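These figures come from a predicted structure and were not determined experimentally.
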Amino acid sequence: VGGATFSKALSQYEHAFGPTYVATVAAGEASGKMSHVLTQLAQLQRSELRMARTVKSLLAYPVLLASVSSLVILALILFVLPQFADIFDQYETPLPILTQILIAIASELRTRWWLYGPLALAMLFGAASLRWTARGRRIFDQAVVHAWLIRDVSRMLLIGRACRLMGLMIESGVSLVECLRLVRRSIRNALYRDLFSELEDEIVNGRGIASTLNAATIVPPSASEMIATAERSGNLGEVTRLVGGHFEQE
């Protein structure tokens, strides 16, 4: 109504939509591809919501099972095992060394619960507080990317979302340097933000992104190879979008 463009109106609420969304809409306006850009953005949002729901549903059972199992084991050590220890003492039966260690731990926890209870709560509070500091976030991000059981999944998720955003913006007309800057701002993981900062510096200095991607251990080799091929062939937008969709699906 006031004569401003749609992207200009969105920029006033960048805290809600995000800089990537606003820049992509602006590029769509400039290139005359608004309908295509908005459709792609809607698909991206639906994909992220679907992935978040899938991850939550998959983690619900293991988390519940682990929590209940931990409580049961703790109850066995604190209350059941000491009863068996009294029985073994009556018969003067020698116990295995592992059982003796567990009984000693249970006895220590029961007699000094007033010390170990607050200490455990303080450790949990300290770990949670560390997560909100810059160093703590980096440690957590490194664990997510390098942990043995989850590193393959986390790397595919992070590089898949980054490539999909990058491909969408390139196809919408956003410059490569601006794409890398916006993707870096949209990624929460510190290691991938550092990677995209290096890629941005490479482009600004007149070099390509292939060598940096190939040297990055946090990028799946197949992704770096396909992106390097796309950079040489001049089809970076479409290939990165397809790579992103593939890795998100995997």
Distance in Å, [X] [atom1] paired with [Y] [atom2], rounded so as to fall on 0.5 Å steps:
| X | Y | atom1 | atom2 | result |
| --- | --- | --- | --- | --- |
| Arg46 | Gln43 | CZ | CD | 5.5 Å |
| Tyr116 | Met123 | OH | CE | 12.0 Å |
| Leu74 | Leu78 | CG | CG | 4.5 Å |
| Met169 | Leu41 | CE | CG | 9.5 Å |
| Ile227 | Leu213 | CD1 | CG | 5.5 Å |
| Thr212 | Asp201 | OG1 | CG | 9.0 Å |

Any link between [X] and [Y] through a network of hydrophobic side chains (Ile, Leu, Val, Met, Phe, Trp, Tyr) touching at under 4.5 Å?
| X | Y | answer |
| --- | --- | --- |
| Leu182 | Val204 | yes |
| Met166 | Leu242 | no |
| Leu64 | Leu59 | no |
| Ile187 | Met51 | no |
| Tyr192 | Val177 | yes |

Apply side chain to side chain contact (heavy atoms under 4.5 Å, CB included) to residues Asn189 and Arg193 and explain how you reach the verdict.
CA-CA 6 Å; Asn189 190 280; Arg193 284 202 301 268; 5.9 Å; no
Student check: side-chain heavy atoms of [X] and [Y] closer than 4.5 Å:
| X | Y | value |
| --- | --- | --- |
| Leu119 | Arg112 | no |
| Met34 | Phe6 | yes |
| Phe247 | Cys163 | no |
| Ser11 | Phe17 | no |
| Leu76 | Val72 | yes |

How close do [X] and [Y] get, heavy atom to heavy atom, and via which atoms?
| X | Y | value |
| --- | --- | --- |
| Leu165 | Ser186 | CD1-OG, 3.5 Å |
| Ser224 | Pro221 | OG-O, 2.8 Å |
| Ala162 | Val183 | CB-CG1, 3.8 Å |
| Leu195 | Ala216 | CD1-CB, 3.9 Å |
| Glu238 | Asn235 | OE1-ND2, 3.3 Å |

Examine distances only and state if a side-chain atom of Ser69 and a backbone atom of Ala66 form a donor-acceptor pair shorter than 3.5 Å.
no
Is a donor on one side and an acceptor on the other found under 3.5 Å between the side chain of Ser107 and the backbone of Ala104?
no
Salt bridge (Lys or Arg N to Asp or Glu O under 4.0 Å) between Glu248 and Arg161: does it pass, once the steps are laid out?
CA-CA 7 Å; Glu248 283 188 345; Arg161 184 179 186 277; 5.8 Å; no
Under the criterion side chain to side chain contact (heavy atoms under 4.5 Å, CB included), I'd like the reasoning laid out for Arg241 against Ile170: C-alpha separation, chi angles, the key distance, then a yes or no.
CA-CA 9 Å; Arg241 178 173 55 82; Ile170 291 175; over 6 Å; no
Evaluation steps, side chain to side chain contact (heavy atoms under 4.5 Å, CB included), between Thr133 and Arg137
CA-CA 6 Å; Thr133 63; Arg137 284 195 300 270; 5.8 Å; no
For Phe125, the hydrophobic cluster (side chain heavy atoms closer than 4.5 Å, chained through members) also holds none
Side-chain H-bond candidate by donor/acceptor type, Ser47 with Arg164, under 3.5 Å:
yes
Test side chain to side chain contact (heavy atoms under 4.5 Å, CB included) applied to Val243 and Val239, step by step:
CA-CA 6 Å; Val243 168; Val239 171; 4.0 Å; yes
Take atom OH of Tyr13 as the centre, draw a 6.0 Å sphere, and report whether it contains more than 12 heavy atoms from other residues, nucleotides or ligands.
no
Taking only residues two or more places apart in sequence, or in another chain, which ones meet Arg207 in a salt bridge (charged side-chain N to carboxylate O under 4.0 Å, His left out)?
Glu202
Validation: residues 147-160 side-chain donor-acceptor distances under 3.5 Å, sequence neighbours left out:
unit_1 : atom_1 : unit_2 : atom_2 : d
Ser154 : OG     : Val144 : O      : 2.7
Ser154 : OG     : Ile150 : O      : 3.1
Ser154 : OG     : Arg151 : O      : 3.1
Arg155 : NE     : Val145 : O      : 3.1
Arg155 : NH1    : Thr217 : O      : 3.2
Arg155 : NH2    : Val145 : O      : 3.4
Arg155 : NH2    : His146 : ND1    : 3.3

